[in-house]
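Report on the structure given below.
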Amino acid sequence: MVPLSYEWDYDGHSAVGILMRMRSLRLAWLLGIMLLGSAWAQLKQVQFKTEVILERVAYAPGAVVNGVVVMQVDKPYHVNSNPASEDYLIPTELRIEAGKGYKVGPIVYPKPIEKAFAFSEGKPIKIYEGRVPIKFQLRLDKAVPKGSLRVKATLRYQACDDTSCYPPQRTPIEIKIPIADKDGAPNPSYPKALQESDSSGGMEDSSSGGLIEYSTGSGGLVGRLEEAFRTGRWVWFTLILFVGGLALNLTPCVLPLIPITLGFFSMQSRGQVGQRVGLSALYALSMAAMYALLGTVASLAGKAFGFQFQNPWVLGVLIALIVLFALALFGVYKFQVPPALMRFVGARQGWIGAILMGVLAGVAAAPCIGPVIAALIPIVAALANPMVGFLCFLALGLGLGTPYFVAGLFYERVQQRIPRSGEWTILVERIFGVLLLAVALFFANSLMTPEVYGWAWVAFLGLTALYFLFGERKEITQPRVVRFKQVLGVVFAALMVHNALSMMRPKGEIVWEPYDAQKLEQAKADGKPVLIDFTAKWCQACGELKHYTFTDPDVVRESERFVRLVVDATTESDPTVQDALKRHAVVGLPTVIFIDSQGNERRDLRLTGFERADKFLKRMQAVR
């Protein structure tokens, strides 16, 4: 019997092989969909009951139908208003499908309340809670037949609690309209439904549950990236991530995987171009899908996922893992997927072997890719947008997987041009090891006081300079590599001197007065703006504001036209502190409030968390 793999069609390709490749691709996509569906199902699903109430019990043809969809939002949850307060929040939205016999009229959403939460970092956002009535209007056609007219609609909302938001929901709704010869009697439930909303408006007291501490460092690179997402420039960022994924293939963690990949494809494809394309695509897509799944889960989990990066225990474990990866790059030990496992997976035939190899390649690249992922997760979690999270991590994974796709297609040519290991690879490994240690120190930010953290960077830069100037003399001997290593040492030494001088330089700072309600009234009478700083000794980000932002010369000069008041909430039970927290609806620290010369707070400028001096200065300049 002739093997199936050698039955060729008139194009020179195996007919059975083509069918098998098509089946493999379908199975691969089905597997990816199942993985995403499983991840979604494991997250908490929060749904609410809905009810449709019409103004009358029946309607004549040509009549105007007024109705209300009432959603019961159970405690402790709430949903976002329409429109939502922030771009990253999903608004509650009622969509009525167009159909025969009626025309869709206006949809009116109830008046929201304003409330501050931990995930909004103290900034009041507009929400609905309790019974939420959404009014709608339909105009019936004059020729609509008598009986029951069924109108389909969808209610989209996202449930949130005090700390995080959950996956958005779409609830199908059916509006049944009785059609009769003439309009029916008024429905007594309709006006009652409009009056029973628990969303009564106004600012509620949200400071009774104890102060929370906001995240630190939000004004750095993470803050700028988050701002880019919220202003619609995330497409460019995904392209940057794709290019970054391509660049990660030059790292010492990923480069050794290329010969393994070439060996796998040389055993699997047997010269068949079509099969080579399919296996290469599966290999690259499985690697990208692994990262895309991670980004989707982080986005669906919302800011609750990102909040874990503020937990000292979680940070400690993360820092320890990064340091372990760094030690592997310094040659202390060797981090790799067990060779037996690689041989086992490499021996798998067809699409299963390609998928498993792609996943294992992604795991093996973890020491160099891990810090990038650790930096991205808080960003996509803060945005709570599954599509953006999916696209960002997919772009990174596709960038990482594209060279493997190319290598699988042209493995005969590529394997002749693979760069060989040498002293330059040793130096690249050491550079990435230093970068990993820098990432570990960055994540240790919230575990130290600003003063200690600043001097820790001085020590790190000094030790790194010594290492590049005098270390690895036996391992690295080529003149060019040695000179480049010494240049790196000089650069790090210069950075150390700059940071040390900055730490020792005496700094001016904003001069504050203790908070007093009478001073607020006096400032209003004098026509002066007011700056109020809510702080505490135990607050990490408060110390950063004091050390880095409130000492900036431009900020200090601009503050002189303000009445500068400070509320020290170290002892939260103090009656004066409690009065100030309640009066200004402060739920966490640090919080900086700006009040204009007319005595009105600029809520759009309220600051929660750390912010760089240049951006804080712009807030101050906007107050008149």
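Just the heavy atoms: all of them, side chains too, but no hydrogens, waters or symmetry mates, feed the values below.
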To the nearest 0.5 Å, what is the distance between [atom1] on [X] and [atom2] on [Y]?
X	Y	atom1	atom2	result
Ile113	Ile125	CD1	CD1	10.0 Å
Leu293	Phe393	CG	CZ	10.5 Å
Ile179	Ser148	CD1	OG	8.0 Å
Leu581	Phe534	CG	CZ	6.0 Å
Thr50	Tyr157	OG1	OH	7.5 Å
Leu396	Ile240	CG	CD1	12.5 Å

Exactly one of [options] should register a side chain to side chain contact (heavy atoms under 4.5 Å, CB included) with [X]. Which one does?
X	options	answer
Ile175	Val151, Leu149, Val65	Val151
Thr92	Val132, Ile127, Val73, Leu155	Leu155
His78	Gln158, Lys115, Glu129	Glu129

Discussion item. Under a 4.0 Å threshold between the charged nitrogen and the carboxylate oxygen, would Lys49 count as salt-bridged to Glu51?
Written reply: no
So which atom in [X] and which in [Y] form the shortest heavy-atom distance, rounded to 0.1 Å?
X	Y	result
Asp596	Arg624	CB-O, 3.0 Å
Lys176	Leu54	O-CD1, 3.4 Å
Tyr102	Glu97	OH-O, 2.5 Å
Met620	Phe594	CG-CE2, 3.9 Å
Pro186	Pro188	O-CD, 3.4 Å
Pro61	Ala180	CD-O, 3.2 Å

Any side-chain heavy-atom pair from [X] and [Y] closer than 4.5 angstrom?
X	Y	result
Val79	Met71	yes
Leu194	Glu55	no
Asn66	Lys135	no
Val69	Ile53	no
Thr171	Phe48	no
Val243	Leu239	no
Ile107	Tyr109	yes
Pro110	Pro133	yes

Worksheet item: Can we call the ring centroids of Phe616 and Phe610 under 6.0 Å apart?
Response: no
Worksheet item: Can you check side-chain contact (heavy atoms from CB on, under 4.5 Å) on Tyr59 and Val144, steps first, answer last?
Response: CA-CA 11 Å; Tyr59 291 89; Val144 63; over 6 Å; no
Using modelled atom types and a 3.5 Å cut-off, is there a donor and acceptor pairing between side-chain atoms of [X] and backbone atoms of [Y]?
X	Y	answer
Arg95	Thr154	no
Tyr77	Gln47	no
Asn187	Ser189	yes
Arg619	Leu605	yes
Asn80	Ile90	yes

Item to complete: Report the C-alpha separation of Lys615 and Leu607 in whole Å, then their side-chain angles, then the decisive distance to 0.1 Å, and conclude whether the side-chain contact (heavy atoms from CB on, under 4.5 Å) test is met.
Response: CA-CA 11 Å; Lys615 299 192 73 174; Leu607 172 66; over 6 Å; no
